[in-house]
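Chain letters run A, B, ... following the sequence lines, proteins first and then strands; every chain starts at 1.
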There are 2 protein chains.
Amino acid sequence: MPDAKKIFLTEDESPKQWYNIQADMPNPMHPPLHPGTKQPVGPEDLAPLFPMELIKQEVSQERWIEIPEKIQEVYKLWRPTPLIRAHNLEKALDTPAKIYFKNEGVSPAGSHKPNTAVAQAYYNQQEGVKRITTETGAGQWGSALSFACQLFGIELEVFMVKVSFQQKPYRKMLMNMWGAQVHPSPTDKTEAGRKILAENPDNPGSLGIAISEAIERCVTSGDAKYSLGSVLNHVLMHQTVIGLEAIKQMEKAGDSPDIVIAPLGGGSNFAGIAFPFLHQNFTAGKNIRCIAIEPASCPKLTKGEFRYDFGDTTGMTPLIPMYTLGHNFVSAPIHAGGLRYHGASALVSQLLKDGLVEAQAFQQIPCFEAGVLFAKTEGIIPAPESTHGIAAVINEAERCKKEGVSETILFNLSGHGHFDMGAYADYFDGKLDNHHFTDEDLKTNLKELDTPTIA
Amino acid sequence: MPDAKKIFLTEDESPKQWYNIQADMPNPMHPPLHPGTKQPVGPEDLAPLFPMELIKQEVSQERWIEIPEKIQEVYKLWRPTPLIRAHNLEKALDTPAKIYFKNEGVSPAGSHKPNTAVAQAYYNQQEGVKRITTETGAGQWGSALSFACQLFGIELEVFMVKVSFQQKPYRKMLMNMWGAQVHPSPTDKTEAGRKILAENPDNPGSLGIAISEAIERCVTSGDAKYSLGSVLNHVLMHQTVIGLEAIKQMEKAGDSPDIVIAPLGGGSNFAGIAFPFLHQNFTAGKNIRCIAIEPASCPKLTKGEFRYDFGDTTGMTPLIPMYTLGHNFVSAPIHAGGLRYHGASALVSQLLKDGLVEAQAFQQIPCFEAGVLFAKTEGIIPAPESTHGIAAVINEAERCKKEGVSETILFNLSGHGHFDMGAYADYFDGKLDNHHFTDEDLKTNLKELDTPTIA
């Protein structure tokens, strides 16, 4: 059906395995280090936080890892997601490029996040875990994990960045509907939170702070585990169902991408669609450009430094080898809350360092322009995070027009913007700013870091 | 694929014709009457409001009406919609019944409304119309028509019930994004609005008032047409793509419904799924129960009178032969804004009168309970309107359990509740009431009506 608008797979055609890119990377990622000893962390360091099966996945060098049947069954609630040809957007751009997108917005929580939330909840349940702590920024991850935990009978406690807690009551409502307890972070429930509130009772919170609180809560409670929605290797691997489906769907469409594009916050959305195509680059002689898109106000990939840094603000996590703006960096208050994180996953960072993927940064206002054009042409309101991918797609499609070439572009629509309409209202009311990040900003952020650089 | 969770059709398998139930009804509906002469209205009476092709469809007795290719092309943005087996809900209810639903929430505006919005915008464009007026309650219809009009280059002016305009800024935002102008009704832009504001400047508005304003605006402007999102015959017919798809999908699932359920506001959602199955009752000897579900606070089908009444508050529309609570009826402020209309479509009313369909009424709190159970089990947040269908499904599934019979139930999930999370918040906060409608209420509402009764 080469002319079809939407390309579906049957549930039988769903991936039965996740793809683990660690098996194929020319240079392996550097090992995460213990924050105290500065030695590589071992399974015993991670055991207080994660169930053993996820720790094994984190370090596995196996290329393919079986997706347990129970997880496959839950995935069927919304997977396989459609691959859609953006005919109307192509027409509006008058481009010779062909544009396709995966629509991950059809999931229960409205984004790609449930792909790993369901897997993480499952493995925790298998090992008898009854309670999980986590953090969330705008609420995409928190709502995904709430949904997954209630399916598997696990209690969930969410530390939600305070400014989002106040701005996005409906995402909090979604978490409550699925049975989770939600706190505006910083809270007085943790040492980390109390310390930060003592310095500034009006601290609006950040993802780094919320991670510190969730980890502390997990470690001190004794009976809980912790769960993270991006950055880590196992999280990225769970998302590869997106790209694995897309490969089969592109084949059904009789096409193949020249470019794969996705926004990058921690890296799970980008990895989800790009890693399976990188597998084709590594093993099938393809040369597909995979481009990670970040906001110009939080440009870790295009302006950050490749070094060890903490995943959280107070330094409770292992030191991760990654592109970072410094763990104390506080991003401008752009509406793409999922893209305001200071660092990038170690796997994506290594691939970027090795020139195997690309990175581009976009300002927020052109991203909203792109999002509105997409809503008008394709009828789907994209999440603010997703608009960054669309802006990059439009950019490449315009280049194709200028060069008179018909390249095929695939992007991942990571989620819908139904809970972010306030951001669009601000855009239409002219209340949004672009934010510039300078070399001076970088120096200021990094100068106090005493974490190891990477040779 | 009898065990699949989701049953898709390819775009090639989409319906190419709408089903017109007028060709098969044992008793035709009574003719709408001119409000002045009390004589049957003719095409010339409707010409100021609607393009001629829609007027022809309104009175057509042809069984099948071709869907123009351009409309089919736009439908492909989201159609065919999935048919989903609600395995998890069945398990939670421990019922021997099999439950399926069509998910119309995947459309651009998030409900079934675009099925007719796109068709109406197309026919208006074909006849050179540049501007359309309409009304909307909670905003489902207004956002659907905004999307359709911008695709066909038509300006749209929407009169939105003021209380919803204030409560649901995101639905207004959606309309603005798709280029529509939105006024909180009653306005000072029409005679009808000014009269109502003079009596009470704080009038919160109603659908009946907004219809009066939109029609007046159309008629006095001279260059605009008017569009209605439910009630009329052609509107109901456009929605039959839902049921026509469902018939093919149920066949693919190797199953066939014993019961078809949908909520009823004006009738288009119910007709959309039920009419094609009634066709099977009429022509293939089937005996499928089709049940329309209404709120107990606005029970036109279960407690109203079958008589002529106006479609709007100030009496500008033709007199329609329908079940009604009286055109001055103001429904309790339940959250299912789409179900607060005083009357029901003439076609559905006639079928109910003739005992060919059934009707049931449900209170709002059990509906929200049903909606939350659905969100927990199937992962989709239903619109408040849709929760009425789910409450009825649960009721029938529990009867099946009691009787030990395995009936097959199909319902139409008319839309998602992403823009209605405030309603769920009120539910969880215990702020919702049930509303009882008494025989006394009916007498009060109907006593001043001087419209003709039907023998």
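Taking chain B as the reference chain and counting heavy-atom pairs below 4.5 Å, the highest number among A:G105, A:P108, A:S107, A:P169 is found for A:P108.
If you measure heavy-atom distances from A:N103 to chain B, you find no contacts under 4.5 Å at all. With a 4.5 angstrom heavy-atom cutoff, A:I84 does not touch chain B via any of its atoms. B:R171 does not touch chain A: none of its heavy atoms, backbone or side chain, sits under 4.5 Å away. Both the backbone and the side chain of A:Y170 have a heavy atom closer than 4.5 Å to some heavy atom of chain B. Contacts between A:Q150 and chain B at a heavy-atom distance below 4.5 Å involve the side chain alone, from C-beta outward. Heavy-atom distances place no part of B:S146 under 4.5 Å from chain A, backbone and side chain included.
Taking the ring pair (Phe, Tyr, Trp, His ring centres under 6.0 Å) definition, one finds that A:F411 meets it with A:F101, A:F374, sequence neighbours left out. Residues passing the side chain to side chain donor-acceptor pair (under 3.5 Å) test with A:S111, sequence neighbours excluded: A:Q140.
Within residues 379-391 of chain A, the residues having any heavy atom closer than 4.5 Å to a heavy atom of chain B are A:G379, A:I381, listed by residue number. Of all residues in residues 418-429 of chain B, those placing a non-hydrogen atom less than 4.5 angstrom from a non-hydrogen atom of chain A are B:H418, B:F419, B:M421, B:G422, B:Y424, B:A425, B:F428.
Sparse packing is recorded around NZ of A:K130, with 12 or fewer heavy atoms of other residues, nucleotides or ligands lying under 6.0 Å away.
A salt bridge links B:K6 with A:E11: the distance from a Lys NZ or Arg NE/NH1/NH2 to an Asp or Glu carboxylate oxygen falls below 4.0 Å.
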